[in-house]
Amino acid sequence: MQIHFWGVRGSLPTPITPQQVQSKIMAAIQRVTPEDIKSEEARAKFISSLPAWIFGTTGGNTPCVEIKTEKGEFIFDAGTGIRVLGKSKNLPADNHYNLFFSHFHWDHIQGLPFFDAAYNPNSVFDIYCPSADVEKYLRDQMTQPYYPVSFDSFTKNFRYHQMEPGVEYEINDAKVVCCEMSHPGKSYSYALIKDNTKFVYATDVELKSKDFNVSPATEAVFKDADAIILDSQYTVEEAYRKENWGHSAFCYAIDFAVHWNIKNIYLFHHEPTYDDKKLNSILQAARWYAQYIEHSDINIFLSKEDMEIDL
């Protein structure tokens with residue numbers, strides 16, 4: 001399966017600011033030496049040697065992750081990242097989309113009205129979620145005075161499937177199972193299983209002791225997954241101050257991955273007030289924490305827009 005990150009920020013879209021651009025330029029200038037600019041080759045080498053937080057950005061779009069299999073298109077959440085997905089040149093030839101919602105807070109649905117494929121009359125959407133009111137929630141955000149175009153402008157081929165947590169569903173050439181997590185108003189994590197590979201999408205979760213409990217549903221989603229995208233919005237200090245806001249600290253995410261024997265973790269749903277330098281420092285702290293608890297065998301990554309991985 002091929003996994004593409006279209007939106008990785010939490011809570012609200014976060015465009016990079018002019019001040020942040022200036023800080024990146026200044027940081028690059030401070031590192032340059034006369035040897036680094038004496039030739040085109042030297043300049044290219046210097047640019048490639050810059051830390052990731054200087055040369056590039058994590059991105060500011062809200063959650064949307066796409067998974068492609070040989071016979072299926074799976075999209076998890078419709079944050080503002082789904083608008084960018086809709087502009088890509090690699091959309092499914094059959095215009096068929098399997099769309100899964102973790103929950104219906106604005107940052108996870110606000111991109112759908114800007115998803116070009118939704119207006120194509122030939123598109124077919126199979127919508128999956130344990131909620132019984134998915135259509136109502138999606139329609140409500142496209143009513144006056146909130147949005148000028150009604151939901152009825154979309155393709156008529158929207159089909160809704162209410163999932164039951166812990167039950168495995170065969171969809172195209174994969175299997176999908178979900179479970180409920182700790183988050184205000186409920187949120188659901190999903191495992192997509194293809195052959196012997198399991199990928200987990202677990203955004204918007206404030207990890208609590210009950211999330212570590214073994215049940216048929218949690219075991220089906222998390223146990224021995226090959227990779228997990230996991231809410232890691234806060235530092236420990238901030239998670240303490242924002243108890244019951246519905247998000248986790250990066251170290252809790254590492255503990256969770258260890259508990260479920262997951263070897264690859266992608267920190268996700270980044271705090272909107274954190275710039276690229278801060279996020280890079282969180283990534284380093286997460287890796288140090290894994291070493292501290294003697295689990296350096298876990299691979300820890302920072303989710304970034306346009307990142308693509310193969311499982």
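The residues of the chain are indexed from 1 along the displayed sequence.
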What is the minimum heavy-atom distance between P121 and T155, and which atoms define it? O-OG1, 3.3 Å

State whether the side chain of H295 and the backbone N or O of A290 hold a donor-acceptor pair below 3.5 Å, judged by distance alone. no

Should S248 and D231 be marked as a side-chain hydrogen bond (donor to acceptor under 3.5 Å, both in side chains) after you check the CA-CA gap, both sets of side-chain angles, and the distance that decides it? CA-CA 6 Å; S248 295; D231 187 325; 5.0 Å; no

Are any non-hydrogen side-chain atoms of N172 and H96 less than 4.5 angstrom apart? yes

Angle between ring planes, F100 versus F74, binned at 30° and 60°: parallel, tilted or perpendicular? parallel

If we count only N and O atoms by modelled type, under 3.5 Å, do the side chains of D107 and T62 hold a donor and an acceptor together? no

For H103, enumerate each residue passing the ring pair (Phe, Tyr, Trp, His ring centres under 6.0 Å) test, keeping only those at least two apart in sequence or located in another chain. H105, H108, H183

For W260, which of V214, D224, D255 qualifies under side-chain contact (heavy atoms from CB on, under 4.5 Å)? V214

Side chain of K24, backbone of G56: donor and acceptor closer than 3.5 Å? yes

Can you run down the side-chain hydrogen bond (donor to acceptor under 3.5 Å, both in side chains) pairs that involve residues 113-124, sequence neighbours left out, and say none if there aren't any? K87-D116

According to ring pair (Phe, Tyr, Trp, His ring centres under 6.0 Å), who are the partners of Y169, at least two apart in sequence or on a separate chain? none

Between F256 and Y252, ring centroids under 6.0 Å: no

Should the pair F268 and Y201 be assigned to parallel (<30°), tilted (30 to 60°) or perpendicular (>60°) ring geometry? perpendicular

Taking atom types as modelled, is there a side-chain donor on T143 or D140 under 3.5 Å from an acceptor on the other? no

Would you be so kind as to tabulate the donor-acceptor pairs closer than 3.5 Å made by side chains of residues 16-23, with sequence neighbours excluded?
unit_1 : atom_1 : unit_2 : atom_2 : d
T17    : OG1    : Q20    : N      : 3.1
Q20    : OE1    : T17    : N      : 3.1
S23    : OG     : Q19    : O      : 3.0

Going by side-chain contact (heavy atoms from CB on, under 4.5 Å), name the residues that satisfy it together with E66, two or more places apart in sequence or in a different chain. H4, W6, K68, E73, L85

From the list K210, E206, K208, side-chain hydrogen bond (donor to acceptor under 3.5 Å, both in side chains) partner of S182 resolves to K210

Heavy-atom nearest pair, Y234 first then H247, reads CE1-CB, 3.6 Å

Salt bridge (Lys or Arg N to Asp or Glu O under 4.0 Å) partners of residues 279-306, not counting sequence neighbours, each pair once: K263-D297

N299 side chain to N264 backbone, donor-acceptor under 3.5 Å: no

Taking all non-hydrogen atoms of both residues, which atom of F222 and which atom of A202 are closest, and how far apart? CE2-CB, 4.1 Å

List the atom of A286, the atom of L267, and the distance in Å for their closest heavy-atom pair. CB-CD1, 4.1 Å

If Ile, Leu, Val, Met, Phe, Trp and Tyr residues are connected whenever their side-chain heavy atoms lie under 4.5 Å apart, and connections chain through other members, are V221 and I171 in the same group? no

Regarding D276 and T58, do their side chains bring together a donor and an acceptor under 3.5 Å, going by distance alone? yes

Can you say whether the rings of F125 and Y97 are parallel (under 30°), tilted (30 to 60°) or perpendicular (over 60°)? parallel

To check you understand the geometry: which heavy-atom pair defines the closest contact between P63 and D77, and what is its length? O-CB, 3.6 Å

Among all residues two or more places apart in sequence or in another chain, which pass the ring pair (Phe, Tyr, Trp, His ring centres under 6.0 Å) test with F301? Y266

Counterpart residues, ring pair (Phe, Tyr, Trp, His ring centres under 6.0 Å), relative to H161 (two or more places apart): Y128

Residues that S39 engages under side-chain contact (heavy atoms from CB on, under 4.5 Å), provided they are two or more places apart: E41, A42

Which pair of heavy atoms, one from G10 and one from P272, lies closest together, and at what distance? O-CD, 3.6 Å

Partners meeting side-chain contact (heavy atoms from CB on, under 4.5 Å) with T235 (sequence neighbours left out): E237, E238, Y274, K278, I282

Passes side chain to side chain contact (heavy atoms under 4.5 Å, CB included), V258 versus I293? Steps please. CA-CA 10 Å; V258 169; I293 63 172; 4.1 Å; yes

So, S102 and D204: side-chain donor and acceptor under 3.5 Å apart, yes or no? no

Under 3.5 Å, is there a donor-acceptor pair between the side chain of Q141 and the main chain of I109? yes

Tell me every residue that passes side-chain contact (heavy atoms from CB on, under 4.5 Å) with A27, counting only those two or more places apart in sequence or in another chain. R31, W53, I54

Donor-acceptor contact present, side-chain S49 to main-chain I47, <3.5 Å: no

Are T69 and D173 linked by a side-chain donor-acceptor pair shorter than 3.5 Å? yes

Quick one: NZ on K223 to NZ on K198, what's the gap to the nearest 0.5 Å? 8.5 Å

Co-members of V124 in a cluster of I, L, V, M, F, W and Y side chains, linked at under 4.5 Å: none

Can a salt bridge be assigned to the pair K38 and E35 using a cut-off of 4.0 Å between side-chain N and carboxylate O? yes

